Amino acid sequence: LEGYVGIDTLTEQIRKKALRQGFEFNVMVVGGAGLGKSTMVNTIFKSKVSRRSCQPDEEYNTPKTVEIKSISHVIEEKGIRLKLTITDTPGFGDHVNNSNCWQPIIRYINDQYEKYLNEEISIRRRKRIPDTRVHCCIYFIAPSGHSLKAVDIEALKKLVQVVNVIPVIAKSDSLTLEERQAFKERIQQDLADNHIRVYPDMDNLDLDEEEINNNVELMNRIPFAVVGSTASHLVGSKNVLARKTRWGIVEVENSSHCEFIHLRDMVIRTHLQDLKEVTAQVHYELYRHERLETLKE
Ligand code: GDP
Ligand code: MG
C-alpha cells in the first residue's frame, strides 16, 4: 500500500462527528390565510417522518395562527439525531392592506441570519453555533385553478432572494387531476415569466449528472400538490392520515392521491443537506457580506 494516505478513513471520522452532533433543520410555512399551513405542520410531524413517528391523535381544530411560532421534534433513527423545527406563520390576507404582508416573514428570516452572524463574529465564539436559520420555506398557493395572485408574485419575488423556496398547491383535494396538472403548468409558467427562481435553483447546486437528472424530474413536479390532515382513518386494516369526505377518503401519504410524500421526502430526506448548504453558502453569505459592508462604513 505504498503511497496510501488513508483519506478514506475521513469518511468514518466525518460520520462519527455528524452522529455526535446531530443535525438541525429548519423549515417555515408561508402563504395565504386558511390554506392549511398549520395543518401541514402537524401533518409532517404525524406522518412517517421516522419509523417511530408521532402517532396521529384525535382530529382537532387548528386555531388561527396569530404569530410566528416554531415547533421542534427530535427524530432519531439508527443513532442519528435530527432536530426538525417547523415555523408556522400567520397567513397573508388577514388584513385590509396586504401590501408588504411578507415583511414580518423576511424580518424573521433575516433575524436568524443576524443571530448567527453575531455568534460568528463574537470574540468568545461558541464551539457550535445554534443554527436557527430557515433552510427551507414552503410557500402555499391557493388551489384556485387560475394562476398566481399578484400578492403571491410579490411575496415570492422577495422570498427567493433570502431563502430556499419550495412552492406547493394547497388543499389540492379540491382539484381534479386534470385541473391540478393544468394549474401546475400555469404556475410554472408564471414563475418563469416573473423570473422567480424557486428551489432547486440548478445554478446554486454542486451536482453530478445523475443528480441533475433527478432534479429535472423533481422540478417538473413543483409545485407539489399537497393535502394535509391531522386525523387518521381506517383504510383496509390500517389507520392512515387522511381526509374523509362524503365521497371518499383522501390519503395524505398515498402518492396516487396527492404529492405530500414527494414534498416530505425532498425536504427532509433527499435534499436536506443541499438545502442546508445553499442556505449557508448562498443566502447567509449574501446577508453576511451586505452586513459586513455596512458595518465598515
Ligand atoms: P392556515 O391558516 O394556513 O394555518 O390553515 P389551517 O391549517 O388553519 O386550515 C384551515 C382550514 O382548512 C381548516 O378547516 C383545515 O381543516 C382545512 N384544511 C387544511 N388542510 C386541508 C387540505 O389539504 N384540504 C382541505 N380540503 N382542507 C384542508
Ligand atoms: Mg395557521
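Only a predicted model underlies this, so the values are computations on that prediction, with no experimental measurement involved.
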Show every donor-acceptor pair shorter than 3.5 Å between a side-chain atom in residues 216-226 and any protein atom, with sequence neighbours excluded, or say none if there are none.
| residue | atom | partner | partner atom | Å |
| --- | --- | --- | --- | --- |
| Asn220 | ND2 | Val216 | O | 3.4 |
| Arg221 | NH1 | Glu259 | OE2 | 3.2 |

Which residues pass the salt bridge (Lys or Arg N to Asp or Glu O under 4.0 Å) test with [X], sequence neighbours left out?
{"X": "Glu185", "answer": "none"}
{"X": "Glu293", "answer": "Lys296"}
{"X": "Glu119", "answer": "Arg126"}
{"X": "Asp193", "answer": "none"}

Quick one: do the [X] and [Y] side chains pair a donor with an acceptor below 3.5 Å?
{"X": "Thr279", "Y": "Asn164", "answer": "yes"}
{"X": "Asp265", "Y": "His271", "answer": "no"}
{"X": "Asp88", "Y": "Ser38", "answer": "yes"}

Sidechain-backbone polar pair: [X] side chain, [Y] backbone, donor-acceptor under 3.5 Å:
{"X": "Lys83", "Y": "Asn26", "answer": "no"}
{"X": "Thr43", "Y": "Gly228", "answer": "no"}
{"X": "His73", "Y": "Leu84", "answer": "no"}
{"X": "Thr89", "Y": "Val29", "answer": "yes"}
{"X": "Asp201", "Y": "Arg197", "answer": "no"}
{"X": "Glu179", "Y": "Thr176", "answer": "yes"}

Which atoms form the tightest heavy-atom contact between [X] and [Y], and what is the distance?
{"X": "Phe183", "Y": "Leu175", "value": "CD2-CD1, 4.0 Å"}
{"X": "Ile129", "Y": "Glu24", "value": "O-OE1, 4.3 Å"}
{"X": "Met266", "Y": "Ile166", "value": "CE-CD1, 4.0 Å"}
{"X": "Pro104", "Y": "Cys101", "value": "CD-O, 3.3 Å"}
{"X": "Val267", "Y": "Leu275", "value": "O-CD1, 3.8 Å"}
{"X": "Lys37", "Y": "Gly91", "value": "NZ-CA, 3.6 Å"}

Could you tell me whether the side chain of [Y] reaches within less than 4.5 Å of the side chain of [X], counting heavy atoms only?
{"X": "Pro90", "Y": "Ile68", "result": "yes"}
{"X": "Leu159", "Y": "Ile106", "result": "yes"}
{"X": "Glu253", "Y": "Val240", "result": "no"}
{"X": "Ile109", "Y": "Tyr113", "result": "yes"}
{"X": "Ile44", "Y": "Met40", "result": "yes"}
{"X": "Leu272", "Y": "Lys276", "result": "yes"}
{"X": "Arg243", "Y": "Ile249", "result": "no"}

Residue pair Ile138, Met28: steps toward the side chain to side chain contact (heavy atoms under 4.5 Å, CB included) verdict: CA-CA 6 Å; Ile138 302 176; Met28 187 179 212; over 6 Å; no

Given Val168, Ile169, Val227, the one that forms side chain to side chain contact (heavy atoms under 4.5 Å, CB included) with Cys258: Val227

Results of ring pair (Phe, Tyr, Trp, His ring centres under 6.0 Å) for Tyr108 - residues two or more places apart only: none

Applying side-chain hydrogen bond (donor to acceptor under 3.5 Å, both in side chains), can you list everything that pairs with [X], at least two apart in sequence or on another chain?
{"X": "Asn194", "value": "none"}
{"X": "Gln103", "value": "none"}
{"X": "Thr132", "value": "Gln112"}
{"X": "Arg180", "value": "none"}

Pairs touching residues 129-144 that satisfy salt bridge (Lys or Arg N to Asp or Glu O under 4.0 Å), sequence neighbours left out: Asp131-Arg133

Qualifying ring pair (Phe, Tyr, Trp, His ring centres under 6.0 Å) pairs with a residue from residues 120-165, counting only residues at least two apart or across chains: Phe25-His135

hydrophobic_cluster_shared for Ile71 and Leu82, side chain cutoff 4.5 Å: yes

Cluster overlap Tyr284 with Ile121, hydrophobic side-chain contacts below 4.5 Å: yes

